[in-house]
Amino acid sequence: MAGEQEAPGWAAIDAALARLYGRQVPHQFASQTAYELDTPSPLPAIAVYEGVRPLHWHFVSYGLSELFEKSSEDPNVSGFGFELTMRTPRAADETTPPAWPLRALQGLGRYVLGRRQGFDTGHCAELGGSIAQGQGSALTCLACVPDPLLGKINTPFGSLLFLQVVGITADELAAMQRLDHEGVVNLLGELDFHGITDPTRSSYFNDPGKAPVLRRYQLGVLRDR
């Protein structure tokens, strides 16, 4: 990890994660080609923590906010104003996080850095393929919500939102098309508070416990009475 003196923005992210995970030492995946957009790993690093209740891996990016110095014009926002996170299932005996979320987050990071265009809360998009490359997953779309446990922090270079990427199916995306950003966030929060992206799951429309929630939002009934 970077030292606080040389990377105040990095240290602010570390501090937010320490508040959530205490002394847990994360799995750190540093890139040798940081900010080189023609490579698979333009984000400087991704940290992965072991979440509990339920068991899951928690991936957090470094590099879409300002880590080392202030270079953007807005003094109140650090870089693009967010870092990406993702949660995926973790088996009790699993000691190494899966690689596909690293590839997915690096790919999204390349998109943001290359187009100079960020994501926002409630943003939904088709991916053009599985979010978990090589696994044939039905999750071919994504939605973005504030990370339910990290939220927003202030750094020496401005504010930073931890924006969680949630993998969704094409029919779930279609069900969200008429919702505003707040509606997307509320719907996903009802479906799964932690927003875990499980590449093995089928559509929530096939789940008798989740399908009524989707249909209620489709009908414009945002609260269960």
Side-chain angles (χ1 to χ4, degrees), residues 1-31 43-68 76-106 108-109 112 118-123 131 142-167 184-199:
M1 294 188 184
E4 185 171 355
Q5 301 252 332
E6 60 189 27
W10 195 309
I13 297 172
D14 285 348
L17 289 161
R19 287 191 290 272
L20 183 59
Y21 290 107
R23 296 182 178 274
Q24 182 182 143
V25 178
H27 302 260
Q28 277 275 10
F29 296 88
S31 172
L43 296 178
I46 295 175
V48 191
Y49 288 80
E50 297 179 4
V52 295
R53 297 189 300 274
L55 292 179
H56 64 275
W57 296 109
H58 190 189
F59 295 75
V60 183
S61 75
Y62 290 73
L64 296 174
S65 62
E66 290 159 319
L67 303 177
F68 303 97
N76 299 314
V77 177
S78 177
F80 290 96
F82 67 91
E83 291 289 354
L84 294 173
T85 75
M86 182 184 286
R87 287 178 165 85
T88 66
R90 176 170 65 90
D93 60 351
E94 199 172 9
T95 58
T96 303
W100 68 262
L102 300 172
R103 293 192 293 267
L105 291 178
Q106 285 285 4
L108 293 171
V112 173
F119 297 117
D120 199 358
T121 296
H123 180 96
I131 196 170
L142 64 80
C144 296
V145 300
D147 188 290
L149 297 180
L150 287 175
K152 193 174 188 178
I153 64 170
N154 290 315
T155 81
F157 303 135
S159 66
L160 157 62
L161 173 68
F162 291 98
L163 195 62
Q164 180 159 297
V165 176
V166 181
V184 170
V185 173
N186 290 339
L187 169 58
L188 289 172
E190 281 198 50
L191 290 170
D192 177 9
F193 170 79
H194 287 89
I196 292 176
T197 296
D198 182 353

Mind checking the [atom1]-[atom2] spacing from [X] to [Y]? Nearest 0.5 Å is all I need.
{"X": "Glu94", "Y": "Thr88", "atom1": "CD", "atom2": "OG1", "answer": "7.5 Å"}
{"X": "Met86", "Y": "Ile46", "atom1": "CE", "atom2": "CD1", "answer": "9.0 Å"}
{"X": "Leu163", "Y": "Leu64", "atom1": "CG", "atom2": "CG", "answer": "10.0 Å"}
{"X": "Trp100", "Y": "Phe59", "atom1": "CH2", "atom2": "CZ", "answer": "7.0 Å"}
{"X": "Ser61", "Y": "Phe29", "atom1": "OG", "atom2": "CZ", "answer": "14.5 Å"}
{"X": "Tyr62", "Y": "Asp14", "atom1": "OH", "atom2": "CG", "answer": "4.0 Å"}

Could you work out, with ring pair (Phe, Tyr, Trp, His ring centres under 6.0 Å) as the rule, every residue matching [X], not counting sequence neighbours?
{"X": "Tyr21", "result": "Tyr49, His58"}
{"X": "Trp57", "result": "His27"}
{"X": "Phe80", "result": "none"}

Which residues satisfy the side chain to side chain contact (heavy atoms under 4.5 Å, CB included) test with [X], sequence neighbours excluded?
{"X": "Asp198", "result": "Pro89, Thr200, Arg201"}
{"X": "Val52", "result": "Leu55, Arg90"}
{"X": "Val145", "result": "Gln164, Val166, Val185, Leu188"}

Going by side chain to side chain donor-acceptor pair (under 3.5 Å), name the residues that satisfy it together with [X], two or more places apart in sequence or in a different chain.
{"X": "Thr197", "answer": "none"}
{"X": "His194", "answer": "none"}
{"X": "Ser78", "answer": "none"}
{"X": "Thr155", "answer": "none"}

Please give me the minimum heavy-atom distance between [X] and [Y], naming the atom from each residue.
{"X": "Gly63", "Y": "Pro44", "value": "CA-CD, 3.6 Å"}
{"X": "Ala12", "Y": "Ile153", "value": "O-CD1, 3.7 Å"}
{"X": "Leu161", "Y": "Pro146", "value": "CD1-CB, 4.1 Å"}
{"X": "Gly118", "Y": "Val112", "value": "CA-CG1, 4.2 Å"}
{"X": "Leu150", "Y": "Ala16", "value": "CD2-O, 4.0 Å"}
{"X": "Cys144", "Y": "Phe119", "value": "SG-CB, 4.1 Å"}

With a 4.5 Å cut-off on side-chain heavy atoms, are [Y] and [X] touching?
{"X": "Phe162", "Y": "Ile13", "value": "yes"}
{"X": "Val184", "Y": "His123", "value": "no"}
{"X": "Phe157", "Y": "Pro8", "value": "yes"}

Problem set entry | Ser159 side chain to Asn76 backbone, donor-acceptor under 3.5 Å | yes

Exercise. Gln24 side chain to Glu50 main-chain N or O, any donor-acceptor pair under 3.5 Å?
Worked result: yes

For this session: Apply the test side-chain contact (heavy atoms from CB on, under 4.5 Å) to residues Glu83 and Leu43: give CA-CA distance (whole Å), side-chain angles for both, the deciding distance (0.1 Å), then the verdict.
Result: CA-CA 10 Å; Glu83 291 289 354; Leu43 296 178; 5.6 Å; no

Exercise. Which residue pairs satisfy the salt bridge (Lys or Arg N to Asp or Glu O under 4.0 Å) criterion with at least one member in residues 51-60, sequence neighbours excluded?
Worked result: none

For this session: Name all pairs fulfilling the salt bridge (Lys or Arg N to Asp or Glu O under 4.0 Å) condition that reach into residues 58-67, sequence neighbours left out, sorted by first residue then second.
Result: Glu66-Lys70

